[in-house]
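Please read the structure below before turning to the comments.
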Amino acid sequence: MQQPITVKDKQFTLSISSDTIQNSIQNLANKINEDYQGKEIFFIGVLNGVFMFAADLLKRINIPCTISFTKVASYEGTQSTGKIKQLIGLPENLEGKNIVILEDIVDTGFTMKSILNQLKQQNPADIKIATLLFKPDSFKENYKVDYRAIEIPNAFIVGYGLDYDGFGRNLPDIYTVVK
Ligand code: 5GP
């Protein structure tokens, strides 16, 4: 068994290897490439955590696309505050566009709901959600999470873009907190 690693003041153990992450992203890209044939995609990435996933996914998209980013924060330490702070707003002129929102992780679904509500006001042609990680036992909303690369149990994770108090985003694998 792998030795736990320390990020800031907590210990974490390896839970998803870089190879598994990359294979899951390839499968997800294949589905998106198939579903959007003959169309254009306007990706909107939700910063900060999405930066690695967005980069690795877009390299595998082979149909015309553009990308822009919005920035929100709801976590402090290992807990969701339940309040969404919008730090960079959504792009404008989304009317008639096929939007795919990119998230690192959908947990309770609260952050995504607030982004969806704002996006709908701009009358895009279509809105779909693609997330690297999904916590089914934690999800409390009733909208569809269209593309989910990896489903995980309800525990705090770091790595591959996701942080613990700002640290751990640089790790190529994903680690789960040791209770
Ligand atoms: P939700 O609003 O769906 O509960 O949470 C979404 C946001 O919370 C994600 O974009 C992410 O920033 C953060 N988050 C949720 N679960 C985790 C986790 O296990 N680890 C980390 N680092 N962030 C998480």
Side-chain angles (χ1 to χ4, degrees), residues 2 4-18 20-22 24-25 28 32 43-58 67-91 99-121 127-179:
Q2 296 253 345
I5 60 157
T6 304
V7 178
K8 208 182 164 194
D9 55 3
K10 287 195 190 298
Q11 291 209 308
F12 292 83
T13 49
L14 182 68
S15 54
I16 310 171
S17 71
S18 167
T20 303
I21 296 169
Q22 295 301 325
S24 309
I25 294 173
L28 197 141
I32 294 178
F43 288 105
I44 299 178
V46 184
L47 294 170
N48 285 329
V50 82
F51 72 98
M52 281 204 190
F53 171 48
D56 284 341
L57 179 75
L58 259 78
I67 184 162
S68 184
F69 294 91
T70 183
K71 181 170 175 178
V72 295
S74 70
Y75 258 57
E76 276 171 19
T78 61
Q79 291 297 314
S80 175
T81 60
K83 284 183 229 136
I84 311 294
K85 276 191 267 179
Q86 184 124 29
L87 306 169
I88 298 176
L90 286 167
I99 311 279
V100 177
I101 309 172
L102 299 179
E103 253 287 26
D104 49 347
I105 184 163
V106 175
D107 181 7
T108 62
F110 189 62
T111 307
M112 185 57 73
K113 188 179 169 192
S114 117
I115 293 170
L116 279 173
N117 288 344
Q118 285 184 55
L119 272 177
K120 281 178 192 156
Q121 292 171 16
I127 308 175
K128 286 205 162 53
I129 300 167
T131 186
L132 175 67
L133 298 148
F134 182 65
K135 292 182 180 169
D137 299 337
S138 182
F139 190 63
K140 294 192 181 68
E141 301 295 338
N142 51 15
Y143 55 81
K144 193 171 168 214
V145 180
D146 307 274
Y147 302 101
R148 314 152 180 201
I150 305 170
E151 299 205 349
I152 55 166
N154 197 1
F156 187 78
I157 55 160
V158 289
Y160 195 74
L162 290 106
D163 73 309
Y164 165 49
D165 261 357
F167 292 92
R169 294 193 196 273
N170 52 312
L171 298 163
D173 309 283
I174 290 176
Y175 294 79
T176 301
V177 73
V178 178
K179 291 240 170 86

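Whatever order the structure lists ligands and atoms in, that order sets their numbers, starting from 1. Along the sequence shown, residues are numbered consecutively beginning with 1.
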Report yes if Gly109 has an N/O atom closer than 3.5 Å to an N/O atom of ligand 1; otherwise report no. yes
Tell me, please: is Ile105 in heavy-atom contact with ligand 1, that is, under 4.0 Å? yes
Backbone N/O of Gly159 and side chain of Tyr175: donor-acceptor pair under 3.5 Å: no
Polar atom proximity, Ile157 to ligand 1 (N or O, under 3.5 Å): yes
Check each heavy atom of Met112 against ligand 1 and say whether those closer than 4.0 Å belong to the side chain, the backbone, both or neither. neither
Taking only residues at least two apart or on different chains, which pairs with a member in residues 170-179 satisfy salt bridge (charged side-chain N to carboxylate O under 4.0 Å, His left out)? none
A student checking ligand 1 against Glu103 at a 4.0 Å heavy-atom cut-off should list atoms 10 (O)
With no hydrogens and no angle check, just 3.5 Å: does a side-chain donor-acceptor pair link Tyr164 and Asp9? yes
Under a heavy-atom criterion of less than 4.0 Å, does Lys113 contact ligand 1? no
Whether over 12 other heavy atoms sit under 6.0 Å from Asn142 CG: no
For ligand 1, note which part of Asp104 has a heavy atom under 4.0 Å away: side chain, backbone, both or neither. side chain
Counting from 1, what ligand 1 atoms have a heavy atom of Asp163 closer than 4.0 Å? 21 (C), 22 (N)
Mind checking whether Ala155 contacts ligand 1 via backbone (N, CA, C, O), side chain (CB onward), both or neither, at a 4.0 Å heavy-atom cut-off? backbone
Looking at Thr176 and Ile157, would you say the former's side chain and the latter's main chain have a donor-acceptor pair under 3.5 Å? no
Can you list everything that forms a side chain to side chain contact (heavy atoms under 4.5 Å, CB included) with Glu141? Sequence neighbours excluded, please. Phe110, Lys113, Phe139, Tyr143
Is there a donor-acceptor contact under 3.5 Å from the side chain of Ser15 to the main chain of Ile174? yes
Tyr164 N/O to ligand 1 N/O under 3.5 Å: no
